[in-house]
Structure formats: structure tokens, C-alpha cells
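Read the structure below first, then the notes.
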Amino acid sequence: MIRITLPDGTAREVARGTTPADIAAAIGPGLAKAAIAARVDGELRDITRPLDADAQLALVTSRDEADALELARHDFAHILAEAVQGLFPGTQITFGPSTDDGFYYDVMAPASRGPFTMDDLPAIEEKMRAIIAADKPLRREVMARDALIATWQNAGESFKAEWAAELPEGEELSVYWSGNDWMDMCRGPHLTSTGKLDPAAFKLTRVAGAYWRGDQNNPQLSRIYGTGWLNKKQLDAHLLRLEEAAKRDHRRLGQDMDLFHLQQEAHGSVFWHPNGYLIWRELEAYMRRAIDGAGYKEVKTPQVMDARQWEQSGHWGKYRANMFVIPDEVPNVDDEGPVISGEADWMALKPMNCPAHVLIFRQGIKSYRDLPLRIYENGCCHRNEPHGALHGLMRVRQFTQDDAHIFCREDQIVEEVQAFCALADRVYKEFGFTYSIKLALRPDQRFGSDADWDKAENELRDAVVRAGLATPEFGWEELPGEGAFYAPKLEWHLTDAIGRTWQVGTIQSDRVLPERLDASYVGEDGARHRPVMLHRAIFGSYERFIGILIEHYAGRFPVWLAPVQAVVATITSEADGYAHDVTAKLKAAGIRVESDTRNEKINYKVREHSVAKVPHLLVVGMREAEEGKVAIRSLGSDGQRIMTLDEAIAMLSHEATPPDIR
RNA sequence: GCUGCUGUAGCUCAGUGGUAGAGCGCGUCAUUGGUAAUGACGAGGUCGGGAGUUCAAUCCUCCCCAGCAGCACCA
């Protein structure tokens, strides 16, 4: 007999080999029906897997949503694989986990046909529904590793065989049978049968390439994605969320709101239109106030430097593949012959600002009294990113960082990092973001001694601990292996209005670059010392941050950031004169305002400016003109507020003032 | 960079082996209206670029470029 303890503390003596399903049945028929899996000593397991020792047991039902979704998605993935093999014999299966909103399965299409495409999805979905309708039992079986490898090899499943062969020798491996005709190697757990899934709760969404084991050098497989839920209602809600997210897409809003454009002759670099650049200018002004107040000095450094300088900084060796290089010569102007000789020295566009800031630091002799020295630049950088990585404003080839480097003594690091935490906190809150902080620890490939890494990691961790931010509610987490090759990183991950996260801010403590570029200061002792260099950014880049803001606000910018803050719209042309007066007064008060005296109906104007997401529409007709008032209709509300022009100016001026100086 | 898909008017998209169409937008005229589309008329396109097949290519084939989704990358 074994002793099974339930969550309420009661215990039952049952025979070895009893299953959680048996226990559920013994407790009551309702639970027996509702239970879909079990947690045995905290581990999620099949409800039909026999218990073989004393254990804590919790029965899982669909009310335990996270567990239930995990199980369902995992099952959907298996059924997807079974369906694909059923429809396309010769397809090899590899690996198919659950994801945040569903599942995918990586398969290798048979050589007789090309990779799978979207056109294949309806048939696969139909087949999956047939498998669910057949209510095939899902049965766990333990196999010896060697037997399993042989099974895979006989079935022509070379990926599975390769994988099984790499699992520890002698280990027992579990497989799951779907009925008696299909099986997959899997740790489980699964539901008891395919019929437990709701056939209306999933949808295959797309097909894409993915490398076997995530390695570019391996064969590329077809990855079939699906979204999967417990019921149709959840699925529909999810599809609606996707639609909402698509409506916020910054590429679409950027075009609709005439903020910027991209075109193929300059792919990966942004053409900022007047409206978009107004947002940029507001952010720049905001950031300048922030860094001025925090004791930074702003600089501007060269866009192009000699390759030898990049050799010395280490970028030429490590980063050249992503750099734009330029021959330092006058191009051949004859029509005959090559444009360049190929013999000139190379220069390169800067991919980052750090070396230039060290060069400024090195001018003149620095004393310990000069430290910490905080050098800031709106630094325009170019990186030749892989083409497939480019994405709207989020990943571009030319971008401007709000970049600063703090040169300081070792004993100043913690204080500086803490001050940065406070500054970042203020900025992110003023834009309405919540955030989490993560510490990216040393990667496998790195410069510097373990002792230095210990020190650097501890400094960053200490600073966050002292700032009181290293807590679960700030999402504190340490990420092994994710640091840069020269330094650990603190990363700020923002959560936007619809719950997506974006990594933007960072601070890194670097002892490598000051060494390579020979930066030093004279200490109290009269000797030369190496400063530590803190790399830091809050927006990350203006391009990306604006992209995030567009999606965060869904284009409805707060008034201080809105490119056009108000439009004065007339009802009849008789009010044109008054409208121009109102516009002039608002302009004089510093409001970005336009007047709309076009020969159009007010309905049309209301619609157009609403769609354009103008925060305030000031409607004026003869009534307003006679009384010296305006009727304000604000974005997001249907009603209007009648107020005097002075009241309107006061309100708009307040809203148009950036939050940091309000 | 890899796999798949896409590229037609300013935008969103339809379409065909015999050199193109809609809606919105734009222009002109009429209309002067009270809070999400007034009406009429009109102008706009080497159908991403190049090569090939064909009597004939926007359509079929190949190459290139860019975009989209994912992968890989993002020191």
C-alpha cells in the first residue's frame, strides 16, 4: 500500500499501481469526469499513470486553466503531427511543443514534395478534427532507448532517431500512442484521449521555416503553427486580440498618420515625415531635459572613422560583418574603369558610439575629480543587419540611440547604476509603461577573467537590490549566458498597453573597452588608473521607441506628443474669420494647431480628424463666433464641451506641456 | 542569410496570354451644413526590375530587388 495525500490534507491508503483517475473516481463521479490530469508531488502527469510511491496528489481540472491549456496545446501538437503524417506519408516528425498561445510542430516534408504551405492547412485542420472526433485513446508506454532508436530508424524517422540517440544511455523513454496506429516520443503528460479536445478551439495559423535544433547549419524544416484553446470562446477572444494588435501595428499607423515611410532604395532606413519628426523632436527635447538634470554632458561625434580605429576598439574583428565600410578615396569619374581602385584605406560608418566617447574622454588628462564623467549623445549609428531581421521601425539599419557612457571609479559604480535605475523609472512611468528588470549574466564566449565577471555581476545586482527593484513585482530575473561578450547587462523590459513586452533600456559595466583604448585618469595617489565605463540607454533608439509608443498608444498620443494637437474646424464659411483668430491665439500659446475651413460638412471634418487621431477638435460656427467660445470634441469621447477661448487655451496648454515640466 | 508567401493608381485591393478595373484619396464645379463619409464630373498606372518562351507577356519560366510571416542573427 502507498499513502496519497490530497491538497486538503486528507490522506488515502491505496494499492500500488492505483491511478489518479481511480482516486478521482473514488472521491466522486463529478470529479472523475472533470479531472484531466494530475499533479504528483508538483509534477504534471497523466491521470492514468499509475502511482508507485507515497505522494502528494492534486487533481487537475479545466478550471486549472494554465495546466489545462498546456495539456490541450501539447495534445494539439501531437494531433497535428499525426494528421500531417496521415495526409502526407513519408513526412518526418521532429519536435512539437506548446507555445504562449498554441502550439507548433516541426516536420520535414517528404522529398517528393516541397515544404508545406498555407494551402495545406485547411486539409490538415480537417484531418485533425477527424482524429479528435475518433476519440482515440492516448496511452503512455515506456520503451528502452535502444529499442526506440531502432523503431525510429525502421520508420525512416532520422531526426527522431538522432535525438533519441543523444538521450542518456540506458534511460527509459516514454512514448505516447494515439490509438494503436500512431506514436510519438514524448515526456508527456497528455489527456486520456483525443476526444477531450474541443475541435472548434484551434486554428492553424501559418507555416514557416525553422532549423533543426535551431541551428542555421542544420536542415530547415517546415514549422506549422497553430493557436489552441480550451473552447471556441477562448479561441475567438484570442483571434480578436490579434486583430486589435494588428490595428496598432506601427507600420500601418505610421502610414495612416503620415508619420514616416520606408522604401526599397533605402531599406532599413526611415524617411521621417513632418508629423513623425515632431514626435521625435519632442522626445529629443524630453531626453535632453532628463540628462541635463542628471548631470550628463551632451556631445556629437563623427559618423565615419578610419578602420584602424575600429581595429583598435575590437569592432573590426568582432563586428565587421555588420558594418558599412567606405573606401577613403575620390571615386573614378571616367565612364571607363571601376569606380574605386580597391587600394584605398577603409573607413567605416559607426555601428555604435562607445569608441568615440572614449576618444573624447582621452582628450586632455582626466583626474579622479572629473569622475564620474557622463557623456551623452543622440548617436546616429548604422548596422548592416541581416535583411530578414529588418522590421518597420523596430529593427532598422540606421538608428539614433539615446546613448551615454559614464566613466567612473569602481567605488562609484553602484551609485551610478542606482541613479540610472531612478532615471529610467521616472522616464518609463511618464510614458505609462510598467517594466521588469533582468540581469543578463556572462556568456560562454567572453573577454576578461572570472574574477572580473564576478565583480561586475555583483555590482549590477547590488545596485538593483539597493534600489529596491530586485523583487518579483519588478519582474527581477537573472538570465544566464545572455550578457554581452565584454560585460553583464541590466535590461529593462517594458510592458505596453496590451501586455506585450519590449526590451529597450540597458546599462552595462565595461572594463574591456577602456583597456583596449587606453583610457585612464589620475587618482588621488598620483598614479594612472583605468576608469570603468557604463554603457547605458533608456529609449534604446528613437526609431524603435517611437515604434513602441505608436503601438502602446495605438496612435492616440498624449497631447504633448501628438503631432497635431488640435484642429479648429468651421461649420460654415461665415465662421472662417473667427476660426483663424482662434487658431492664431492657440498658436501663440504654443499649441500645434491647424484650422480646417474647407468647404466640407462638419460631419465629414469630425470623421476625418477623428480617424487622424487628433486629440482635440475645436468646432466653431456662428454661435461660437458670436459668444467668443469653442465647442471642443476630444478624441475618444462623443460629447462636446463648450468653453470660452481662454478656458480652452488654458486646458490645451496644460495638456500640451510635457509631463516632466508640468 | 534560410524557408514560404507577396509586389497592379497616393492607399486598400480585384483581374486577364491580345498593353487594365473598383472603393477611398486627389482636382474642378455645385452645395454653407451643428458633431464619424453631400452630389456630379474629372485626372492618375512601362502591372517591382531584368532576361527568356510566344505572333503577342502584367499574366508562363528563370534571375535579381524589396516587403510580409517565421527561423537564425541582434557583440
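Letters go in sequence order (proteins before strands), and every chain restarts at 1.
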Worksheet item: On the ring face of A/Tyr225, is A/Arg206 found with NZ or CZ under 6.0 Å from the centre and within 45° of the axis?
Response: yes

Discussion item. Under 4.0 Å, counting only non-hydrogen atoms across every strand here, what does A/Val619 touch: a base, just sugar-phosphate, or nothing?
Written reply: base

Fill in: Candidate nucleotides B/U35, B/G67, B/G70, ranked by approach to the side chain of A/Leu390 - the nearest
B/G67

Discussion item. Just to be sure I understand the rule, does A/Met622 reach a base, reach only the sugar-phosphate, or reach nothing, if contact means heavy atoms closer than 4.0 Å?
Written reply: base

Discussion item. Between B/C74 and A/Glu385, counting only base atoms on the nucleotide and side-chain atoms on the residue, is there a donor-acceptor pair under 3.5 Å?
Written reply: no

Worksheet item: Considering only B/C73, B/U35, B/A69, which nucleotide approaches the side chain of A/Pro386 most closely?
Response: B/C73

Worksheet item: Quick one: A/Asp101 CG to B/G70 C1', roughly how many Å, whole number?
Response: 13 Å

Worksheet item: Nearest-Å distance, NE2 (A/His273) to C1' (B/G10)?
Response: 12 Å

Practice prompt. Using a heavy-atom cut-off of under 4.0 Å over every strand shown, decide if A/Thr117 touches base, sugar-phosphate, or nothing.
Written response: sugar-phosphate

Worksheet item: A/Asn603 CG to B/G34 C1': how many Å, rounded?
Response: 8 Å

Worksheet item: Looking only at atom P, what distance separates B/G21 and B/G15, rounded to whole Å?
Response: 15 Å

Fill in: Integer angstrom distance from the C1' of B/C74 to that of B/U58
39 Å

Discussion item. Rounding to an integer number of angstrom, what distance separates B/A72 and B/C64 when you compare their C1' atoms?
Written reply: 23 Å

Worksheet item: Is there a donor-acceptor contact under 3.5 Å from the side chain of A/Arg248 to the main chain of A/His552?
Response: yes

Practice prompt. Considering only atom P, compute the distance from B/G45 to B/C55 and round it to an integer number of Å.
Written response: 32 Å

Item to complete: For A/Ala569, answer base if it contacts any base atom (sugar-phosphate contacts may also be present), sugar-phosphate if it contacts only those atoms, and nothing otherwise; contact means non-hydrogen atoms under 4.0 Å.
Response: nothing

Worksheet item: Quick one: is B/G67 close enough that its OP1 or OP2 comes under 4.0 Å of any side-chain N or O from A/Gln263?
Response: no

Worksheet item: Between atom CD1 of A/Ile571 and atom CD of A/Glu600, what is the distance when rounded to the nearest 0.5 Å?
Response: 14.5 Å

Worksheet entry | Ion pair A/Lys489/A/Glu478, N-O distance below 4.0 Å | no

Item to complete: Taking atom C1' in both B/G49 and B/A57, compute the distance separating them and give it to the nearest angstrom.
Response: 15 Å

Worksheet item: Can a donor-acceptor pair under 3.5 Å be found between the side-chain atoms of A/Glu574 and the base atoms of B/U32?
Response: no

Worksheet item: Rounding to a whole Å, what distance do you find between A/Asp120:CG and B/A69:P?
Response: 21 Å

Fill in: Base orientation of B/G70, syn vs anti, 90° cut from 0
anti

Discussion item. Expressed as a whole number of angstroms, how long is the span from A/Glu627:CD to B/G34:C1'?
Written reply: 13 Å

Discussion item. Below 30° counts as parallel, above 60° as perpendicular, anything between as tilted: where do the rings of A/His405 and A/Phe407 land?
Written reply: tilted

Worksheet item: So do the side chains of A/Asp510 and A/Phe447 get within less than 4.5 Å of each other, counting heavy atoms only?
Response: no

Practice prompt. Using a 4.0 Å heavy-atom cut-off across all strands, classify A/Tyr104 as base, sugar-phosphate, or nothing.
Written response: nothing

Response to the item:
Atom CZ of A/Phe116 and atom P of B/C71 are separated, to the nearest Å, by 19 Å

Discussion item. Distance to the ring centre below 6.0 angstrom and angle to the axis at most 45 degrees; does that hold for A/Arg223 and A/Tyr104?
Written reply: yes

Worksheet item: Think A/Tyr604 has a side-chain N or O under 4.0 angstrom from the OP1 or OP2 of B/G25?
Response: yes

Fill in: A/Arg251 side chain near B/A69 phosphate (N/O to OP1/OP2, under 4.0 Å)
yes

Worksheet item: With sugar-phosphate meaning primed atoms plus P, OP1 and OP2, does A/His609 contact a base, only sugar-phosphate, or nothing at under 4.0 Å between heavy atoms?
Response: nothing

Practice prompt. Check the distance between B/G48's P and A/Gln264's CD and give it to me in whole angstrom.
Written response: 11 Å

Discussion item. Using the C1' atom as the point on both nucleotides, what is the distance between B/C26 and B/G18, in whole Å?
Written reply: 32 Å

Worksheet item: Using the C1' atom in both, what is the distance from B/C5 to B/A9, to the nearest Å?
Response: 24 Å

Discussion item. Could you tell me how far apart A/Trp212 (CH2) and B/C2 (P) are, to the nearest whole angstrom?
Written reply: 22 Å

Item to complete: On RNA chain B, check which nucleotide each of A/Ile642 and A/Arg598 is closest to and give me the residue with the more 5' one.
Response: A/Arg598

Practice prompt. Describe the nucleic acid contact of A/Glu600 in one word from base, sugar-phosphate, nothing, applying a heavy-atom distance below 4.0 Å.
Written response: base

Item to complete: Report yes if a side-chain nitrogen or oxygen of A/His387 is closer than 4.0 Å to either non-bridging phosphate oxygen (OP1 or OP2) of B/A66; otherwise report no.
Response: yes

Fill in: Candidates B/U3, B/A72, B/G33 - which lies nearest the side chain of A/Gln220
B/U3

Item to complete: Kindly indicate whether a cation-pi arrangement holds for A/Lys318 with A/Phe485, taking the cut-offs as under 6.0 Å to the six-membered ring centre and within 45° of the axis.
Response: yes

Item to complete: Using a cut-off of strictly less than 4.0 Å, decide whether A/Arg213 has a side-chain nitrogen or oxygen near OP1 or OP2 of B/A72.
Response: no

Worksheet item: Between the base of B/A37 and the side chain of A/Arg607, is there a donor-acceptor distance below 3.5 Å?
Response: yes

Discussion item. Are there over 12 heavy-atom neighbours, none belonging to A/Arg500, within less than 6.0 Å of that residue's CZ?
Written reply: yes

Fill in: Presence of salt bridge, A/Arg213 and A/Glu166, under 4.0 angstrom
yes

Practice prompt. Determine the Euclidean distance between corresponding P atoms of B/G52 and B/C59; express it in Å to zero decimal places.
Written response: 14 Å

Discussion item. Does A/Gly214 reach a base, just sugar-phosphate, or nothing at all? Heavy atoms under 4.0 Å.
Written reply: sugar-phosphate

Discussion item. Salt bridge check, A/Glu647 against A/Arg641: does any charged N sit closer than 4.0 Å to a carboxylate O?
Written reply: no

Practice prompt. Give A/Arg223 one of three labels, base, sugar-phosphate or nothing, depending on what nucleic acid heavy atoms sit under 4.0 Å from its own.
Written response: sugar-phosphate

Worksheet item: Do A/Tyr211 side-chain and B/G70 base share a donor-acceptor contact under 3.5 Å?
Response: no

Item to complete: Among B/G67, B/U32, B/U12, find the nucleotide with the atom closest to the side chain of A/Ser573.
Response: B/U32

Worksheet item: With Watson-Crick and G-U wobble geometry limited to distances under 3.5 Å, how should the secondary structure of RNA chain B be encoded in dot-bracket form, using | for bases paired to another strand and [ ] for crossing pairs?
Response: (((((((..((((....[..)))).(((((.......))))).....(((((..]....))))))))))))....

Item to complete: Give one of base, sugar-phosphate or nothing for A/Gln503, where a contact means two heavy atoms less than 4.0 Å apart.
Response: nothing

Practice prompt. Tell whether A/Arg383 reaches the base of B/C73 with its side chain through a donor-acceptor pair below 3.5 angstrom.
Written response: no

Discussion item. Considering every strand and a 4.0 Å limit on heavy-atom distances, what is the contact class for A/Lys601: base, sugar-phosphate, or nothing?
Written reply: base

